[in-house]
Amino acid sequence: MESIPYEHGLILASILFSLGLIGVLTRRNIVFVLMSLEIMLNASGLAFIVAAARWGHAEGQIMFLMILTLAAAEVAVGLGLIIQMYRRFQTVDINVLSEMKG
Amino acid sequence: MITLFYLAGAIAIISTVAVIVQTNIVHALIYLILSLLAVAVIFYVLGAPFAAMLEAIVYAGAIMVLFLFVIMMLNLGQHTIDQERSWLSLRGWIAPTIMAGLLLTNFLYVMDGIDHGVEPTRVGVLEVSVLLFGPYVLAVELASILLLAGLVAAYHLAKKRD
């Protein structure tokens with residue numbers, strides 16, 4: 001088995017993280033924002049797995065499991081909020097929610 | 001193995017780009033599933049079969065089904081695609097892309113001095129499980145409490161009020 005350059009995995013994780021950041025900053029649809037947050041969480045999980053493979057430890061995979069749990073809980077709460085927002089404002093535009101600025 | 005790694009990496013990057021520029025929300029979700037599956041392949045190549053399975057089952061399976069369910073509930077039709085197209089102006093992309101590019105440059109700069117990789121050692125289900133239910137059992141309990149809190153919060157937030 002050929003060895004995989006360690007930093008290439010980390011570079012892939014950073015590229016995915018940056019793409020997710022672009023999505024969070026650019027989109028106005030809140031469902032897309034939540035999806036971009038998922039991309040960012042997944043990229044950080046990938047970084048943990050790459051580090052676990054580099055040092056041959058299982059701890060990185062355990063951290064990935066924690067990130068997975070966090071992502072599942074976050075998505076459940078976020079989607080509940082989206083449903084409530086759609087019921088109240090009939091839209092998925094996050095700019096509508098800026099009415100609290102005074 | 002190394003070809004598979006680069007192939008899956010390219011697929012992950014391309015489909016992630018497709019997610020953030022897509023106007024049809026269901027198509028974006030399918031691209032996101034493709035991206036997550038490609039990342040699962042990368043996990044497998046890196047010697048983490050347990051994480052790869054969980055990525056495919058929990059991320060690409062359960063979480064994405066949750067997204068699909070909510071999108072179906074919101075019932076976003078053709079008018080939202082047009083609306084989405086009008087929201088995505090070219091000008092709005094410039095500043096976020098520059099900022100994310102700066103962040104990426106920072107990442108690459110930090111990673112410049114890292115030594116080259118060794119062969120990925122295969123860490124199977126047994127090693128992970130022994131650690132999970134040994135020294136990290138408190139973390140597992142806390143994760144289950146977090147999931148329970150997420151369940152209660154999602155039920156409470158999505159409840160219909162009169």
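Reminder, nothing fancy here: chain letters follow the sequence lines and each chain counts from 1.
Residue A/E59 touches chain B through both its backbone and its side chain, counting heavy-atom pairs closer than 4.5 Å. In this structure, the portions of B/V19 lying under 4.5 Å from any heavy atom of chain A include both its backbone and its side chain. In this structure, the portion of B/V70 lying under 4.5 Å from any heavy atom of chain A is its side chain and not its backbone. Both the backbone and the side chain of A/L19 come within contact range of chain B, judged by heavy atoms closer than 4.5 Å. Of the atoms belonging to A/H8, heavy atoms from both backbone and side chain fall under 4.5 Å from chain B. The part of A/R87 that comes within reach of chain B is its side chain, from C-beta onward, which places non-hydrogen atoms under 4.5 angstrom from that chain. Heavy atoms of B/L132 lying under 4.5 Å from chain A belong to its backbone as well as its side chain. With a 4.5 Å cut-off on non-hydrogen atoms, B/I25 touches chain A through its backbone and its side chain both. Using a 4.5 Å cut-off between heavy atoms, A/L65 touches chain B through its side chain atoms alone. Interface residue A/L21: only side-chain heavy atoms are found under 4.5 Å from chain B. Proximity to chain B (any heavy atom under 4.5 Å) is shown, for A/N95, by neither the backbone nor the side chain. Looking at B/V130, there are no atoms closer than 4.5 Å to chain A (heavy atoms on both sides), in backbone or side chain. In this structure, the portions of B/F67 lying under 4.5 Å from any heavy atom of chain A include both its backbone and its side chain. Contacts of A/V24 with chain B are absent, with no heavy-atom separation under 4.5 Å from either backbone or side chain.
With a 4.5 Å cut-off on side-chain heavy atoms, B/Y31 and B/I14 do not count as touching. Counting heavy atoms from C-beta outward, B/F43 and A/Q61 have side chains that stay 4.5 Å or more apart.
Enclosure of atom CZ in B/F69 is not indicated, since only 12 or fewer non-hydrogen atoms of other residues, nucleotides or ligands lie within 6.0 angstrom. Other residues, nucleotides and ligands place no more than 12 heavy atoms under 6.0 Å from the OH atom of B/Y44. Remark: B/Y155 OH is loosely packed, at most 12 non-hydrogen atoms of other residues, nucleotides or ligands lying under 6.0 Å away. Counting heavy atoms of neighbouring residues, nucleotides and ligands inside a 6.0 Å radius, atom CZ of A/R88 does not exceed 12 of them.
Under the 3.5 Å distance criterion, the side-chain polar atoms of A/Q84 are matched with a main-chain donor or acceptor of B/K159. With hydrogens and angles disregarded, no donor-acceptor distance shorter than 3.5 Å links the side chain of B/R122 to the backbone of B/P49. The closest donor-acceptor contact from the side chain of B/S15 to the backbone of B/A12 lies under 3.5 Å.
Contact record, B/L29 with A/M35: N-CE, 3.7 Å, taken as the closest heavy-atom pair. The minimum heavy-atom distance between B/A40 and B/A56, with the atom names listed, is CB-N, 4.4 Å. The minimum heavy-atom distance linking A/I62 with B/Y136 is given by the pair CD1-CD1, 3.7 Å.
For chain A, the option among B/E127, B/M111, B/H156 with the highest count of heavy-atom pairs below 4.5 Å is B/M111. Contact tally against chain B (heavy-atom pairs below 4.5 Å) for A/V92, A/D93, A/V75, A/I39: the top residue is A/D93. Each of B/V58, B/L151, B/L148, B/I71 has some count of heavy-atom pairs under 4.5 Å with chain A, and the biggest count is that of B/V58. Chain B forms more heavy-atom pairs under 4.5 Å with one residue of A/I11, A/L25, A/L16, A/T26 than with any other, namely A/T26. The choice from B/A95, B/G92, B/A48, B/A149 that makes the most heavy-atom pairs within less than 4.5 Å of chain A is B/A48. Your options are A/G23, A/A76, A/S14, and the one with the most heavy-atom pairs under 4.5 Å with chain B is A/S14. Counting heavy-atom pairs under 4.5 Å between each of B/V17, B/L74, B/L36, B/V152 and chain A puts B/L74 at the top. Ranked by heavy-atom pairs shorter than 4.5 Å toward chain B, the options A/A73, A/G20, A/S18 are led by A/S18.
Separation of atoms CG (B/N24) and CD1 (B/I30) is listed at 9.5 Å; rounding is to 0.5 Å.
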